[in-house]
Each structure stands twice: as structure tokens, then as C-alpha cells.
Amino acid sequence: MERPKGVIILAILNLLGGILGIVFGFIFFLLGSVGTLGGFVSGQADFAGTSFFMVITAIIGVINSFLSLGVSYGLFMMKTWAWAMAIIIQFVYILTYITSILNGRNILGSILSLAIAGFILYYLYQPKVKQAFAISQT
């Protein structure tokens with residue numbers, strides 16, 4: 001079966017997101033490391049703590065970006081595991097956006113992102129897409 005165009009778009013977006021995430025993750029890691037070191041040297045614990053949080057966030061972001069690269073490859077090669085990973089990722093995003101809305105943070109952006117994640121889930125569950133990934137229709 002031919003690869004659906006939407007799957008190609010999702011694969012490309014995951015690829016771009018993965019590449020940008022790795023680049024910016026390493027930049028944030030370096031800046032956070034310098035900030036953490038500077039905070040410890042200058043005795044400013046608040047600054048060191050905030051910078052350390054930036055380092056941890058950057059590490060998680062880089063790991064997530066490598067996963068995005070893997071999902072991109074899997075989607076492009078029409079691997080069943082990539083379809084499942086894309087579904088899981090969208091559910092995690094949906095939970096994140098709902099939490100953000102409930103906390104009153106970036107409500108408009110979270111609602112828009114929630115709608116996009118919902119659309120991606122809807123698309124991935126379409127019979128033609130599931131058939132292309134050899135996912136049973138049950």
C-alpha cells in the first residue's frame with residue numbers, strides 16, 4: 001500500500017522537531033551548565049538552582065528529540081511500532097495541554113495545541129492510515 005501523505009508530513013515534522021530539539025537542547029544544556037557553575041561560584045543558590053533545572057530540562061528535551069527522530073524514521077518506513085509511538089506521544093501531549101489549561105498557563109496556546117494533537121490522533125486512527133501500517137481494524 002502507498003504511504004499516506006499525512007504520514008509523510010508527520011514524519012517530516014518529527015524529523016524537523018527532533019533536529020531542532022537536539023540543537024536547542026544542547027544550547028540550553030551549555031547555557032544552563034554555565035549558569036549553574038556561575039551560581040555556585042558566586043554563591044547565588046537561586047540562580048544555580050534555576051540553571052540546574054534548565055540543564056535537566058535540556059537533557060529531557062534532547063532525549064525526547066532523539067525519540068522524535070526514531071519515530072520519524074519509523075513513520076517514513078511505515079513501521080507498526082512508530083504508529084503506536086505516535087499515538088502514545090499524542091496522548092502524552094493531550095494530558096500535558098489539559099494540565100496546562102487547568103493550571104491557567106498559556107490557555108490559548110494550549111487549546112490550539114490540544115486541537116492539533118486531537119487532529120493527529122484522529123488522523124492516525126483513520127482506517128486507511130491504520131491499514132497502511134497493518135494495524136487491525138478492531
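These values consider heavy atoms only, across backbone and side chains, with no hydrogens, waters or symmetry-generated copies.
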Give the minimum heavy-atom separation between G74 and F133, together with the two atoms involved.
O-CE2, 4.4 Å
Separation of K5 NZ from L10 CG (nearest 0.5 Å)
14.0 Å
Cluster overlap F29 with M54, hydrophobic side-chain contacts below 4.5 Å:
no
W83 side, atom CH2; Y125 side, atom OH - distance, nearest 0.5 Å:
4.5 Å
Does I101 reach the side chain of N106, with side-chain heavy atoms less than 4.5 Å apart?
no
Look at the side-chain heavy atoms of Ile, Leu, Val, Met, Phe, Trp and Tyr, link any pair under 4.5 Å apart, and say whether V55 and V62 land in one connected group.
no
With Y97, which of V92, I116, L114, L102 fulfils side chain to side chain contact (heavy atoms under 4.5 Å, CB included)?
L114
What pair of heavy atoms forms the shortest contact from A82 to L75, and how long is it?
CB-N, 3.4 Å
When rounded to the nearest 0.5 Å, the distance separating CG of N14 from OG of S72 is 6.0 Å
Between P4 and Y123, what is the shortest heavy-atom contact and its length?
CB-OH, 3.3 Å
Which value, rounded to the nearest 0.5 Å, describes the distance between S110 atom OG and I94 atom CD1?
12.5 Å
Between S100 and R105, is there a donor-acceptor pair closer than 3.5 Å when you use the side chain of the first and the backbone of the second?
yes
So T57 and F53, side-chain contact (heavy atoms from CB on, under 4.5 Å) or not? Walk me through it.
CA-CA 6 Å; T57 304; F53 181 73; 3.6 Å; yes
Is there a continuous path of hydrophobic side-chain contacts, each under 4.5 Å between heavy atoms, that joins Y122 to Y93?
no
When you group the ILVMFWY residues by side-chain heavy-atom contacts below 4.5 Å and let the links chain together, are F91 and I120 in the same group?
yes
Identify whether L20 and I27 are in the same connected component of the hydrophobic contact network (ILVMFWY, side-chain heavy atoms under 4.5 Å).
yes
Rounded to the nearest 0.5 Å, the CZ atom of F119 sits from the CG atom of L124 at a distance of 9.5 Å
The reported gap from CD1 in I88 to CG in L121 (rounded to nearest 0.5 angstrom) is 11.0 Å
Is it true that a side-chain atom of R3 and a backbone atom of F76 form a donor plus acceptor pair closer than 3.5 Å?
yes
If you compare all heavy atoms of A132 against all heavy atoms of E2, which two are closest, and at what distance to 0.1 Å?
CB-O, 4.4 Å
